[in-house]
Structure formats: C-alpha cells, structure tokens
**Q** 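The following block contains the structure, expressed as structure tokens.
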Amino acid sequence: MSNIIAKIDSEQLKKEVASFHVGDTVKIHTRVIEGDKERIQIFAGIIISHKGAGLNEAFTVRKISYGEGVERVFPVHSPKVAKIEVVKSGKVRRARLHYLRGRKGKQAMTVKEQAYNADA
C-alpha cells in the first residue's frame, strides 16, 4: 500500500526546484486565476523558515508591505508556484528566523549576505 502512495507522491513532485535556504531573499512567481484569466503575481521577501520533506515541503516568506509585516507559506511542489527566483543569498546561523518579527524598519529585512568565492 505504501508503495502505491510513494509512486503517486513522486509523480506530483516538481522536477526542477531552485536551490534556496533560510535567509535568502527570493521572488516567488505565483499563478493567480481571476475568472477565466490567469496571471503571474510576484511575492518578494526573505525566507524565514523551511520545513517538511517530499510533497509536504513548504517554506515561509516574510516581507514588509506599507509598514506592516506580511508572511505567506508556500508549498514547494505546488502547481500555483510558477517559479522561485533567488535574488540574494543570506548567511544565517539559525534554522528559523522568527526573531525578524520583532524588528522594525530596515532591520526587519536585513541578514548578512553570503560571500561568493569565484575561484573555488
């Protein structure tokens, strides 16, 4: 029985998923259906948590909109998520960045930037 469930789960997994981690600043391209029209809407923010595995894998993105914090949870393998674009990689020492909720202004969206080594 579990073999059948595993097969169904593997069919629904996306083939190409962008590599991202907690602390990265990302743009999530989501499909929005309004009536009979479909369009792409971008939700840009910082990833504050990443949980689950397989089909149940999800991540939380936080942004500041008009001075108010907005968080949204996206399933990684959802058909509503068109594309995940990593804008900036962050260097953090935590698995969850819930401490950003208590910050105000620019500090609420700031984490250290990952340094890239072009030679390696």
Side-chain angles (χ1 to χ4, degrees):
M1 185 66 172
S2 65
N3 197 10
I4 297 168
I5 295 171
K7 186 177 182 213
I8 293 170
D9 281 355
S10 65
E11 289 173 0
Q12 294 181 0
L13 292 176
K14 286 187 177 178
K15 305 295 184 251
E16 300 126 16
V17 177
S19 176
F20 57 89
H21 303 284
V22 174
D24 292 353
T25 303
V26 293
K27 288 183 181 177
I28 311 299
H29 298 255
T30 57
R31 290 187 181 96
V32 178
I33 299 170
E34 295 172 339
D36 58 343
K37 295 180 183 176
E38 181 179 312
R39 65 182 176 88
I40 299 291
Q41 183 174 0
I42 297 175
F43 189 91
I46 186 166
I47 298 177
I48 63 168
S49 73
H50 189 181
K51 59 190 170 198
L55 201 56
N56 298 324
E57 188 176 0
F59 59 99
T60 305
V61 180
R62 178 177 176 84
K63 74 173 183 175
I64 305 296
S65 179
Y66 297 103
E68 197 70 29
V70 178
E71 290 182 10
R72 231 176 126 181
V73 179
F74 294 98
V76 174
H77 299 286
S78 171
K80 297 278 186 191
V81 176
K83 183 169 70 166
I84 301 169
E85 181 181 339
V86 178
V87 177
K88 187 169 63 170
S89 291
K91 181 182 179 187
V92 293
R93 298 174 67 176
R94 306 247 174 272
R96 308 267 156 79
L97 302 181
H98 296 304
Y99 65 87
L100 292 178
R101 293 175 177 161
R103 294 187 175 182
K104 293 185 180 358
K106 193 173 186 180
Q107 284 76 31
M109 297 303 296
T110 305
V111 295
K112 286 184 182 179
E113 198 167 334
Q114 180 73 38
Y116 287 108
N117 189 357
D119 298 334

**Q** Using the rule side-chain contact (heavy atoms from CB on, under 4.5 Å), only one of I48, I84, V22 pairs with F59; which is it?
**A** I84
**Q** Can you list the residues that meet the salt bridge (Lys or Arg N to Asp or Glu O under 4.0 Å) rule with E68, with sequence neighbours excluded?
**A** none
**Q** Going by the rule salt bridge (Lys or Arg N to Asp or Glu O under 4.0 Å), which residues pair with E11 if we only count those two or more places apart in sequence or in a different chain?
**A** none
**Q** Restricting to salt bridge (Lys or Arg N to Asp or Glu O under 4.0 Å), what partner residues turn up for R39, sequence neighbours left out?
**A**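 Only E34 meet the salt bridge (Lys or Arg N to Asp or Glu O under 4.0 Å) criterion with R39.
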**Q** What heavy-atom pair brings M109 and K63 nearest, and what distance separates the two atoms?
**A**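 Smallest heavy-atom distance, with atoms named: CE-CA, 4.0 Å.
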**Q** Evaluate side-chain hydrogen bond (donor to acceptor under 3.5 Å, both in side chains) for H77 paired with Q12, printing each intermediate quantity in order.
**A** CA-CA 7 Å; H77 299 286; Q12 294 181 0; over 6 Å; no
**Q** Do any N or O atoms from the side chain of K14 and from the backbone of S78 form a donor-acceptor pair under 3.5 angstrom?
**A** yes
**Q** Under the 3.5 angstrom rule, does the side chain of R62 hit a backbone N or O of G69 as a donor-acceptor pair?
**A** no
**Q** Less than 4.5 Å apart, side chain to side chain, heavy atoms only: is that true for V76 and V81?
**A**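 Heavy-atom side-chain distance check fails, nothing below 4.5 Å.
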**Q** Say you draw a straight line from NE2 of H29 to CD1 of I40; how long is it, rounded to the nearest 0.5 Å?
**A** 8.0 Å
**Q** Do I42 and V32 sit in one hydrophobic cluster, given that two such residues count as connected whenever their side-chain heavy atoms are within less than 4.5 Å of each other, even indirectly?
**A** no
**Q** Quick check: closest heavy atoms across G35 and I33, and the distance to 0.1 Å?
**A**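 Reported closest heavy-atom pair: O-CG2, 3.7 Å.
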**Q** Would you please classify the geometry between the H50 ring and the F20 ring as parallel, tilted or perpendicular, with 30° and 60° separating the classes?
**A**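 Taking H50 first and then F20, their aromatic rings lie parallel (interplane angle under 30°).
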**Q** Please say which of T60, V61, L100 ends up in a side-chain contact (heavy atoms from CB on, under 4.5 Å) with E71.
**A** T60
**Q** Give me the atom names and distance for the closest heavy-atom approach of V70 to S65.
**A**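 In this case the closest contact between V70 and S65 is CG2-CB, 4.0 Å.
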**Q** Considering all heavy atoms of both residues, which atom of L97 and which atom of I47 are nearest to each other, and what is their separation?
**A**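 Smallest interatomic distance, heavy atoms only, reads CD1-O, 3.7 Å.
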